[in-house]
Amino acid sequence: MDASDVLSLCKRRGFLYPSYEIYGGVAGMYDYGPLGTAMRNNIVEIWRRLYTLGEGFVEIDSETVGPEIVFKASGHVDEFADKMVKCRSCEEAHRADHLVKELHPNPSILKDKELDDLIRTRGVTCPACGGELSTVEEFNLMFKTVIGPGSGRVGYLRPETAQGIFVNFPNLYRFNREKLPLGVIQVGRGYRNEISPRQGVIRMREFNMMEAELFVDPEDKGWPRFNDVKDEKLKLFANDGREMELTVGEAVEQGVICNQVLAYFMWFTQEFLKSIGVDGERLRFRQHERDEMAHYAADCWDAEALLSFGWTEIVGIADRGCWDLSRHIKFSGVDMTAFKRFDTPHEVERDAIKPKYGLLGPKYKALGAKIGKALEATDPALMENNAVTVEVDGEKHVIGKEMFDIVRVKEKVSGVKVIPHVIEPSHGLDRITYTCLEHAYAQKGDMEMLRLSAAIAPIKFGVFPLMARDDLDKVAMQIDEDIRYSGIETFYDDSGSIGRRYARMDEIGTPYCITVDYQTIEDGTVTLRERDSQSQVRVNVKDLPLVTRAVLCGANIDQFVVADGSE
RNA sequence: GCAGGUGUAAUCUAGUUGGUUAGGAUUUUAGCCUUCCAAGCUAAACGCCCGGGUUCGAAUCCCGGCACCUGCACCA
């Protein structure tokens, strides 16, 4: 089996289509067909319920286009821009900052011009062939656009949904009645102008993600349900080279995973993936190397699935620390802290500066009030030579002792402001969907089938009349309608031999088929056929409302089997 | 973005020293037949990646583009 078998089936059967195919297609873009969309929706719904109903997260939906400052703050505008040079003789592309590693302590901070100069003056040549190098070109992986008409404002398509959550933190924190932990999820598209999209839906330029951002107290990275899962196993590949299978509890005790909440959500991710049909044997967690870590991450574990492409990241679970909120505080000036209330308020005494506004005003005119505020915020311990330095509107002012008093103040402190830390399980929905397809793909002789888990299968029941005559079709159509009206997806089919119809359903992963035959007319029973075992049992038509729900939940159906009817 | 390879129907594929109407299989559709796992019969629909050039004549040769695969680079 390789990816092209799976992709070919996906196209043939309506899971995935290359985008804009009639115009020749665009690399890195795929459309979901009817079955792919249904299946993906099922995955999203399962995920959503696990987080919202299971763990109390709330869901939001934010804009996909944002103004430049958002992504300046997030670091994406700068971190995503790779500075490239090309060799003029062999055409090989290189990253400019990598080429001058030995010539500069921190080449990543250099501007294009400075990199250029460094390359020229030190005579750096192409490492592959020794040829002359081109000037530095920026390649930014962000899709740029303009908000509004004319020159408008520069905007970008979001590279991740997470920023939409971070910028809403003050609103959401208030919504959560100013308490931590606060969990927020978002499902949506992100955009990255990949240099070289490959491998079907594994690397796309426009892709779907399911992101969860959990804001926690930086000093309390525990999780209430941690104890319930501490004996569950995780397959871990740490960045010190160790491969091991540990329980969640052991991993935290031994410091392999840095805190409880990260470990809990790794387990949670594993259970989610298994529940939608990802093969546990082909699933592992790999810790990012130090130099692989994103610009914001303090620690990061990838859930990787083994695909025909090799081990592939499908979920990244990162401790983003306070990076994002700190940056947005800095760029927006908005207080994005959480207030951590002490059990009992502390009474503290401290020295404070009390400005003499009567003197500041005449001397500094309009600046006086601002300088006064700045003085109030300054710690008297910073006084040197009987003066303190304050900065107002970007200018430093040295204020002599004659301009203020130092007073002892008593303050009641009922808590502290903290910048919450963020634990982020970020799921590549397209990769997860594809993993489900590939892990479900099986060949039986010449036949292909998808052993999709019933939970995500786009069609749950095929409903057939054995023959499309003698009223068998009418009965089958009625059964089909009843099941659909009860909220379960079915597919009615009366064309071709019964075997062909089963095969068609196997191919799109339908877990069960119901067949109306002549015996149905006599005794009101139908056959229920299970995809993976191909076994059949007879059940009563009048039990179908129960049976259909029960089998989808994995119930043993023996209780519904009509006594002597099974074969 | 570079290098190499590939591109024939929804899918898999045959077919070039350039030469009649591009062949097969699967799928799909209509009908016949058929009492549970891709049966059979009849018929139908659907194709040379796109554009330009060479030529009396191009699926075939040349150029450009696009897409896919492999490698390099990239991959928050």
Side-chain angles (χ1 to χ4, degrees), chain A residues 2-5 7-14 17-29 33 71 74-76 78-82 84-87 89-95 98 127-128 134 137 139 141-142 159-160 162-163 190 192-200 202-205 207 288 292-297 300 302 309 312-313 316 318 320 323 424 426 428 444-449 462 464-470 472 495-507 513-521 526-531 534-536 538 567:
Chain A
D2 64 43
S4 63
D5 293 332
L7 285 170
S8 149
L9 184 148
C10 284
K11 181 171 177 206
R12 197 154 35 85
R13 285 300 175 182
Y17 307 125
S19 296
Y20 309 109
E21 199 182 9
I22 62 168
Y23 292 108
V26 177
M29 298 189 177
F71 302 109
S74 73
H76 289 102
D78 299 319
E79 295 291 328
F80 264 31
D82 287 330
M84 310 282 286
V85 287
K86 259 193 282 178
C87 172
S89 51
C90 75
E91 301 276 345
E92 185 95 1
H94 303 280
R95 279 186 54 174
H98 287 184
S134 73
E137 288 170 43
F139 186 86
L141 288 117
M142 301 261 285
E160 56 174 8
Q163 295 307 323
R192 297 176 189 180
N193 202 1
E194 296 287 350
I195 296 174
S196 170
R198 286 279 170 84
Q199 301 164 325
I202 298 302
R203 174 162 304 144
M204 299 208 294
R205 292 204 163 110
F207 58 102
H288 275 205
E292 182 187 6
M293 217 85 78
H295 58 271
Y296 50 69
C300 184
D302 284 345
F309 309 111
T312 305
E313 172 193 354
R320 293 175 77 132
W323 205 85
E424 176 196 70
S426 173
K444 267 200 330 206
D446 290 342
M447 303 208 282
E448 293 175 303
M449 61 188 295
F464 319 135
L466 188 58
M467 298 291 145
R469 62 181 193 209
D470 300 329
L472 297 187
S495 93
S497 71
I498 192 73
R500 172 174 306 219
R501 284 177 266 165
Y502 287 142
R504 272 197 281 252
M505 288 296 107
D506 289 347
E507 208 175 13
C513 293
I514 291 168
T515 302
V516 170
D517 58 15
Y518 287 95
Q519 196 181 329
T520 309
I521 310 285
V526 290
T527 62
L528 177 66
R529 177 243 193 207
E530 200 263 340
R531 178 193 63 211
Q534 287 196 328
S535 63
Q536 288 185 13
R538 289 203 82 89
E567 46 181 318

*Asks:* What is the nucleic acid contact for A:Thr515, judged by heavy atoms within less than 4.0 Å: base, sugar-phosphate only, or nothing?
*Replies:* base
*Asks:* Mapping A:Met142 and A:Glu448 to their closest nucleotides on RNA chain B, which lands nearer the 5' end?
*Replies:* A:Glu448
*Asks:* What is the distance, to the nearest angstrom, from the CG atom on A:Asp470 to the P atom on B:C36?
*Replies:* 14 Å
*Asks:* Kindly compute the distance separating OG (A:Ser497) from CE (A:Met467), expressed to the nearest 0.5 Å.
*Replies:* 9.0 Å
*Asks:* Does B:U11 pair with anything, Watson-Crick or G-U wobble, both distances under 3.5 Å, and if so, with which nucleotide?
*Replies:* B:A25
*Asks:* Return the pairing partner of B:C33 with a 3.5 Å limit on both distances, Watson-Crick or G-U wobble; otherwise return none.
*Replies:* none
*Asks:* Let's test this: given Watson-Crick or G-U wobble pairing with both distances under 3.5 Å, identify the partner of B:C61.
*Replies:* B:G53
*Asks:* Would you mind checking if A:Glu21 and A:Lys11 are paired as a salt bridge, meaning a charged N to carboxylate O distance below 4.0 Å?
*Replies:* yes
*Asks:* Under the ring-ring contact (aromatic ring centres under 6.0 Å, His included) rule, collect the residues that match up with A:Tyr502, sequence neighbours excluded.
*Replies:* A:Phe464
*Asks:* Given that both distances must come in under 3.5 Å, which nucleotide forms a Watson-Crick or G-U wobble pair with B:U70?
*Replies:* B:A3
*Asks:* At what distance, to the nearest 0.5 angstrom, does OG1 of A:Thr527 lie from CD of A:Gln519?
*Replies:* 9.5 Å
*Asks:* Take the protein atom CD of A:Glu21 and the nucleotide atom C1' of B:G47, then report the distance between them rounded to whole Å.
*Replies:* 13 Å
*Asks:* Send over the distance from A:Met449 CE to B:A38 C1', rounded to a whole Å.
*Replies:* 13 Å
*Asks:* Pick out the pairs of N or O atoms, protein on one side and nucleotides 25-33 of chain B on the other, that lie under 3.5 Å.
*Replies:*
residue : atom : partner  : partner atom : Å
B:U27   : OP1  : A:Arg500 : NH2          : 3.4
B:U28   : OP1  : A:Arg504 : NH1          : 2.3
B:U28   : OP2  : A:Arg500 : NH1          : 3.1

*Asks:* Between B:C37, B:U11, B:C36, which one does the side chain of A:Gln534 approach most closely?
*Replies:* B:C37
*Asks:* Taking only Lys NZ, Arg NE, NH1 and NH2, and the carboxylate oxygens of Asp or Glu, determine whether A:Arg13 and A:Glu448 approach each other closer than 4.0 Å.
*Replies:* no
*Asks:* Considering heavy-atom distances to RNA chain B, does A:Ser8 or A:Arg501 have its closest nucleotide positioned more toward the 5' end?
*Replies:* A:Ser8
*Asks:* In whole angstrom, give me the gap between the C1' atoms of B:G4 and B:A44.
*Replies:* 43 Å
*Asks:* Can you tell me how far C1' of B:G7 sits from NZ of A:Lys11, to the nearest Å?
*Replies:* 13 Å
*Asks:* Taking the P atom in each of B:C37 and B:C69, what is the distance between them to the nearest angstrom?
*Replies:* 39 Å
*Asks:* May I ask which nucleotide in the shown strands pairs with B:A39, Watson-Crick or G-U wobble, both distances under 3.5 Å?
*Replies:* none
*Asks:* So, do A:Arg538 and A:Thr520 sit near enough that their side-chain heavy atoms are less than 4.5 Å apart?
*Replies:* yes
*Asks:* Nearest 0.5 Å, please: how far is CE in A:Met142 from CG in A:Asn193?
*Replies:* 11.0 Å
*Asks:* Between B:U21 and B:A25, how far is it from one P atom to the other, in whole Å?
*Replies:* 22 Å
*Asks:* Rounded off to whole Å, could you give me the CE-to-C1' distance for the A:Met467 and B:C37 pair?
*Replies:* 13 Å
*Asks:* Please list, chain by chain and in numerical order, all residues satisfying side-chain hydrogen bond (donor to acceptor under 3.5 Å, both in side chains) with A:Ser535, sequence neighbours excluded.
*Replies:* A:Ser533
*Asks:* Looking at A:Arg12 and A:Glu507, is any side-chain nitrogen of the basic one under 4.0 Å from a carboxylate oxygen of the acidic one?
*Replies:* yes
*Asks:* Whole angstroms only, please: what is the CZ-P distance between A:Arg531 and B:A38?
*Replies:* 17 Å
*Asks:* Give me the distance, rounded to whole Å, that separates B:G24 from B:G15 when you measure between the P atoms they each carry.
*Replies:* 15 Å
*Asks:* Please measure how far the C1' atom in B:U34 lies from the corresponding atom in B:U8, and state the result in whole Å.
*Replies:* 36 Å
*Asks:* Between B:U20 and B:U60, how many Å separate the two P atoms, rounded to a whole number?
*Replies:* 14 Å
*Asks:* Could you please name the option among B:U35, B:C37, B:C12 that lies closest to any side-chain atom of A:Tyr518?
*Replies:* B:U35
*Asks:* Checking A:Arg504 now: which residues fulfil side-chain hydrogen bond (donor to acceptor under 3.5 Å, both in side chains) with it, not counting sequence neighbours?
*Replies:* A:Asp493, A:Ser495
*Asks:* Find the distance A:Leu472:CG to B:U34:P and express it as a whole number of Å.
*Replies:* 14 Å
*Asks:* Just how far, in rounded Å, is P of B:U35 from CD of A:Gln519?
*Replies:* 16 Å
*Asks:* Not counting sequence neighbours, which residues clear side-chain hydrogen bond (donor to acceptor under 3.5 Å, both in side chains) with A:Tyr20? List them please.
*Replies:* none
*Asks:* Checking base pairs now: Watson-Crick or wobble, both atom distances under 3.5 Å. What partners B:C46?
*Replies:* none
*Asks:* Between B:A67 and B:C49, how far apart are the C1' atoms? Round to whole Å, please.
*Replies:* 8 Å
*Asks:* Let's see if you can work this out: which of B:C37, B:C36, B:A39 has an atom nearest to the side-chain heavy atoms of A:Ser497?
*Replies:* B:A39
*Asks:* Using the C1' atom on both, measure B:C50 against B:C41 and round to a whole Å.
*Replies:* 41 Å
*Asks:* Summarise how protein sits on nucleotides 62-71 of chain B as a single string, 5' to 3': B when a protein heavy atom is under 4.0 Å from the base, S for sugar-phosphate-only contact, - for no contact.
*Replies:* ----SSSSBB
*Asks:* For B:U20, give the paired nucleotide (Watson-Crick: N1-N3 plus N6-O4 or O6-N4; G-U: N1-O2 and O6-N3; both under 3.5 Å), or none.
*Replies:* none
*Asks:* A:Asp506 vs A:Arg529, test: salt bridge (Lys or Arg N to Asp or Glu O under 4.0 Å). Steps then yes/no.
*Replies:* CA-CA 11 Å; A:Asp506 289 347; A:Arg529 177 243 193 207; 2.8 Å; yes
